[in-house]
K.L.:
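Pasting a structure below so you can have a look.
Only this structure's heavy atoms are used, side chains among them; waters, hydrogens and symmetry mates stay out. In this chain, numbering begins with 1 at the start of the sequence shown.
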Amino acid sequence: EIETFLDSKPASFHLYSASLNLAVGQVEAASKDLDLALNAIDQAPPDERGKLLASYYSARSVIALAQNQKKEALELSDKAAAASPDSAASSLVRSYVKQAYFDLEESKRSLVEVVRLEPQSALAKARLAEIELSFANTDKAIRIAEEARTMAPEEVYPSVVLGFAYLSKYRTDQAISEFKKALEQDAAYAPAYLGYGLALIRQGLLEEGRIEIEKAAHLEPNVSIYRSYLGKVFYEGDNYRLAESEFERAKTLDPNDPT
């Protein structure tokens, strides 16, 4: 009966359910939602199918990217763009894919397009701020991130991006405030622990900072950047054996990670 009930739902229902599952890391559940969505897209009005397919391929691309299948992610993002060239979802996922290929210029262009299509999207603005930060456009990144946080004060991601932007300008107290705010909203958000840890280290609190970065690594053990930063912290603390171990783990997780 449950399967019959789900089969009767429109594609938009399943796509939304998939997005919720992806947001909390439930990839298998999201994949099942997407299977149902694809079946339902055939029953959707013809003028809606393009955008629905774009959302479907975009979500599949996100899953491929999470599984480090970059080539498949790129192919799926191309399918999303072909299905609906003016889809914000396809442009957003393309920005993630291009960033994974270290093509930051193209990633930025995709994000500018997303913001044009959805100017009220706090996620898109926060992503654009993050990319601006990677180009060392710190003042611009702060301005855009502050806009994103104002638009969605309950969201964690804009606060974390803003925290890193403040940190890059040595506005450490403000950065700590943003990271703490993010952790109050979501105590399981690993990037917030990384930022908080780095801010504490900036204040000379090496041990306290290491503890926070270890929390990030515990939450997402397969993310190389946390291992890289742990290695640097251990090295600064003259614990060369543990530093080497963390650097090796980072290299194993992602040989192409420049950190």
Side-chain angles (χ1 to χ4, degrees), residues 23-27 65-68 96 99-100 102 104 126-127 129-139 141-142 145-146 148-149 153-259:
V24 295
Q26 297 296 324
V27 174
L65 201 56
Q67 296 172 338
N68 204 31
Y96 284 109
Q99 186 175 9
F102 304 109
L104 297 182
R127 276 282 297 147
E130 184 178 20
I131 291 296
E132 292 289 3
L133 197 57
S134 71
F135 283 101
N137 298 329
T138 313
D139 292 334
I142 289 174
E146 285 178 340
R149 190 198 55 184
E154 75 287 350
E155 293 291 332
V156 174
Y157 179 54
S159 287
V160 171
V161 173
L162 183 56
F164 278 110
Y166 283 148
L167 196 59
S168 68
K169 289 288 283 187
Y170 290 86
R171 293 161 63 174
T172 309
D173 289 340
Q174 288 175 284
I176 286 176
S177 176
E178 293 300 326
F179 293 132
K180 282 185 172 180
K181 186 185 303 179
L183 290 170
E184 287 171 2
Q185 293 169 322
D186 185 354
Y189 193 63
Y193 285 108
L194 173 64
Y196 186 35
L198 293 175
L200 290 174
I201 292 169
R202 174 73 59 77
Q203 292 187 325
L205 302 172
L206 188 66
E207 182 66 13
E208 291 85 347
R210 177 187 63 77
I211 290 171
E212 298 303 320
I213 297 173
E214 282 185 332
K215 291 176 183 177
H218 175 74
L219 286 166
E220 296 185 354
N222 294 323
V223 175
S224 65
I225 191 170
Y226 304 139
R227 299 298 172 185
S228 295
Y229 276 112
L230 274 178
K232 293 172 186 176
V233 174
F234 282 128
Y235 188 86
E236 288 295 321
D238 295 332
N239 195 330
Y240 302 123
R241 182 181 61 81
L242 287 178
E244 183 179 0
S245 174
E246 293 298 342
F247 287 140
E248 285 299 322
R249 292 180 73 175
K251 191 184 302 182
T252 299
L253 289 168
D254 188 356
N256 296 316
D257 190 334
T259 60

K.L.:
Hey, mind stepping through Tyr226 and Glu220 against side-chain hydrogen bond (donor to acceptor under 3.5 Å, both in side chains) and telling me if it holds?
P.N.:
CA-CA 8 Å; Tyr226 304 139; Glu220 296 185 354; 3.3 Å; yes
K.L.:
Could you check if a side-chain atom of Gln67 sits within less than 4.5 angstrom of a side-chain atom of Val27, using non-hydrogen atoms only?
P.N.:
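Side-chain contact under 4.5 Å: yes.
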K.L.:
Counting only heavy atoms not in Glu244 (residues, nucleotides, ligands), do more than 12 fall under 6.0 Å from its CD?
P.N.:
no
K.L.:
Which heavy atom of Leu104 sits nearest a heavy atom of Ser134, and at what distance?
P.N.:
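Closest approach of Leu104 to Ser134, heavy atoms only: CD1-OG, 3.6 Å.
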K.L.:
Between Arg149 and Glu155, does at least one N-O distance fall below 4.0 Å, as a salt bridge requires?
P.N.:
no
K.L.:
Hey, could you give me the CG/OG distance between Leu183 and Ser159, rounded to the nearest 0.5 Å?
P.N.:
10.0 Å
K.L.:
Go through Leu133 and Thr138 one step at a time and tell me if the side chain to side chain contact (heavy atoms under 4.5 Å, CB included) criterion holds.
P.N.:
CA-CA 5 Å; Leu133 197 57; Thr138 313; 4.2 Å; yes
K.L.:
Are Lys180 and Glu184 within salt-bridge range, i.e. N to O under 4.0 Å?
P.N.:
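Salt bridge between Lys180 and Glu184, a charged N being under 4.0 Å from a carboxylate O: no.
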K.L.:
How far does CG of Leu194 sit from CG of Leu219, to the nearest 0.5 angstrom?
P.N.:
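It is 11.5 Å, given to the nearest 0.5 Å.
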K.L.:
Strictly distance-based, threshold 3.5 Å: is any side-chain N or O of Gln185 a donor or acceptor partner for the main-chain N or O of Pro153?
P.N.:
yes
K.L.:
To the nearest 0.5 Å, what is the distance between CZ on Arg210 and CG on Leu198?
P.N.:
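If I round to the nearest 0.5 Å, the distance is 14.0 Å.
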K.L.:
Does Glu212 come within less than 4.0 Å of Lys215, counting only side-chain N to carboxylate O?
P.N.:
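A salt bridge is present here (some side-chain N lies under 4.0 Å from a carboxylate O).
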K.L.:
Any chance the rings of Phe179 and Phe164 have centres within less than 6.0 Å?
P.N.:
yes
K.L.:
Can you give me the closest heavy-atom contact between Ala175 and Gly163, atom names plus distance?
P.N.:
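For Ala175 versus Gly163, the nearest heavy atoms are CB-O, 3.3 Å.
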K.L.:
Looking only at non-hydrogen atoms, find the nearest pair between Val161 and Ala126 and report the distance.
P.N.:
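Looking at all heavy atoms of both residues, the closest pair is CG1-O, 3.7 Å.
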K.L.:
May I have the step-by-step check of side chain to side chain contact (heavy atoms under 4.5 Å, CB included) for Gln99 and Arg127, ending in yes or no?
P.N.:
CA-CA 11 Å; Gln99 186 175 9; Arg127 276 282 297 147; 2.8 Å; yes
K.L.:
Is there side-chain contact between Ile201 and Ile213, with at least one heavy-atom pair below 4.5 Å?
P.N.:
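Of all side-chain heavy-atom pairs linking Ile213 with Ile201, at least one is under 4.5 Å.
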K.L.:
If you measure from CG on Leu206 to CZ on Phe234, what distance do you get to the nearest 0.5 Å?
P.N.:
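If I round to the nearest 0.5 Å, the distance is 9.5 Å.
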K.L.:
Looking at Leu167, is its backbone amide N or carbonyl O close enough to the side chain of Arg202 to form a donor-acceptor pair, meaning the two atoms are under 3.5 Å apart?
P.N.:
yes
K.L.:
Between Val156 and Lys181, is there a side-chain heavy-atom distance shorter than 4.5 Å?
P.N.:
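Lys181 vs Val156: side chains apart.
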K.L.:
Mind listing the closest non-hydrogen atom pair of Val160 and Ala182 along with its distance?
P.N.:
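What the structure gives for the nearest pair is CG2-CB, 3.6 Å.
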K.L.:
Do you know which two heavy atoms are closest between Ala243 and Gly231, and how far apart they sit?
P.N.:
CB-O, 3.3 Å
K.L.:
Measure from NZ or CZ of Lys232 to the centre of the six-membered ring of Tyr229, then state whether that distance is under 6.0 Å and the direction lies within 45° of the axis.
P.N.:
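Verdict for Tyr229: a cation-pi partner in Lys232.
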K.L.:
Checking side chain to side chain contact (heavy atoms under 4.5 Å, CB included) for the pair Val233/Glu246: CA distance, chi angles, key distance, verdict?
P.N.:
CA-CA 10 Å; Val233 174; Glu246 293 298 342; over 6 Å; no
K.L.:
Could you grab the distance from atom OG of Ser224 to atom NZ of Lys251, nearest 0.5 Å is fine?
P.N.:
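These two atoms lie 12.5 Å from each other.
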K.L.:
Could you check Glu214 against Leu230 for side chain to side chain contact (heavy atoms under 4.5 Å, CB included), going step by step and ending with a plain yes or no?
P.N.:
CA-CA 7 Å; Glu214 282 185 332; Leu230 274 178; 3.4 Å; yes
K.L.:
Measure the CG-CG distance between Asn222 and Asn68 for me, rounded to the nearest 0.5 Å.
P.N.:
10.5 Å
K.L.:
Looking at every non-hydrogen atom in both residues, tell me the closest pair between Ala187 and Tyr193 and how far apart they are.
P.N.:
O-OH, 2.7 Å
K.L.:
Just wondering, do Thr172 and Tyr166 contact through their side chains at under 4.5 Å, heavy atoms?
P.N.:
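No; the side chains remain at least 4.5 Å from each other.
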